[in-house]
Amino acid sequence: MLKIATYNINGIRSRSSALLEWLRREAPDIVCLQELKAPDPAFPADAIREAGYGAIWHGQVSWNGVAILAKGMDPIESRRGLPGDKGDTQSRYIEAAAHGVLVGCLYLPNGNPQPGPKFDYKLAWFERLIAYAAGLHDSGHPVVLAGDFNVVPTDEDIYNPKSWLKDALLQPESRECYRWLLAQGWVDAVRARYPQERIYTFWDYFRQHWQKNSGLRIDHLLLNPQLAPRLRDAGVDRWVRGEPHASDHAPVWIELDMSAKKKAASRGRAAAKA
DNA sequence: ATGCCTTCTAAAAGAAGA
């Protein structure tokens, strides 16, 4: 099984030991990280390499920052930065090939407060993502789009929408963008695996929301048609959120069966017998 | 309507997160 995870780490420097412990215990094959909150030279590449992972990263002072890790290999970078706005200097997208899949790692703008310029930027960024993702979807390659989308897709993805109704994460425009993206044919892997369950990936630091399990599902892994049939399992590593000094997000993961198709495999066995 | 809590920056409070 190929295990792919996404984790908004909320500061790579203050969370590097947590990252290493999680890598050691869960051993994902590919990891997408968001919110490094550090410039490129501060990325703990040596410690990550000692843990058995190659990495590429696109940092930024104070905010944003994304990275892709791959177990036992260096990810082959195919893009950094989303196309469509050369004036956009925020580090929010990085993409690489690793272990036979193409991985887009994204950190979609939060968009608060709304309305306002930050919300406009969120929607504009989302529209650029939708435009670019169409090509990825149709590329014929196995592609996963993973990251912090900063969208609560439906009211089933939050403990109680009432106190978040004015938040950028729940706005109809944000949700509409997410639906438009899925309408290209992407499969929301966690929701596909658990159609009915209440699943959260983020619990804010306020009001003991973690202790009360008052969470939101905003970190997603989307699969294109080459990968969706291979989905076998998905989950959230909630134990990471319960550790001392944890990020406000927990890692989200999927497992894909990347073995050859059954028809091809049976043909292979038949050929071997003959 | 705002703060709640946390990180980062930078040296004290402020911005940003979601």
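In what follows, chains are A, B, ... by sequence order, proteins preceding strands, each numbered from 1.
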One thing to verify: whether A:R179 and A:E176 come together as a salt bridge, which I'm taking to mean a side-chain N less than 4.0 angstrom from a carboxylate O.
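Looking at A:E176 and A:R179, the cut-off is not met.
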Considering only [options], which nucleotide approaches the side chain of [X] most closely?
X	options	value
A:K37	B:dC8, B:dC5, B:dA18	B:dC8
A:H249	B:dA18, B:dC8, B:dG3	B:dA18
A:R207	B:dC8, B:dG3, B:dA18	B:dG3

Touch class at under 4.0 angstrom, heavy-atom based, for [X] against every strand present:
X	result
A:N8	sugar-phosphate
A:Q208	nothing
A:N64	nothing
A:Y107	sugar-phosphate
A:K166	sugar-phosphate

Closer than 3.5 angstrom, by distance alone: can the side chain of A:R128 be matched with the main-chain N or O of A:L82 as a donor-acceptor pair?
yes
Looking only at the side chains, is there a donor atom on one of A:D148 and A:Q34 sitting less than 3.5 Å from an acceptor on the other?
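Per modelled atom types, A:D148 and A:Q34 side chains form no pair under 3.5 Å.
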May I ask you to verify if any side-chain N or O of [X] is less than 4.0 angstrom from the OP1 or OP2 atom of [N]?
X	N	result
A:R15	B:dT7	yes
A:S14	B:dT6	no
A:K118	B:dG17	yes
A:N112	B:dA18	no

Assert yes or no for the condition that the ring centre distance of A:Y93 to A:H58 is strictly below 6.0 Å.
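That pair fails the under 6.0 Å test.
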Given side chains that start at C-beta, do those of A:D157 and A:I199 come closer than 4.5 Å, heavy atoms only?
no
Can A:Y205 be classed as stacking with the base of B:dT6, given a centroid separation cut-off of 5.5 Å and a plane angle cut-off of 30°?
no
note: A:D204, atom CG; B:dC5, atom P; distance rounded to Å ~ 11 Å
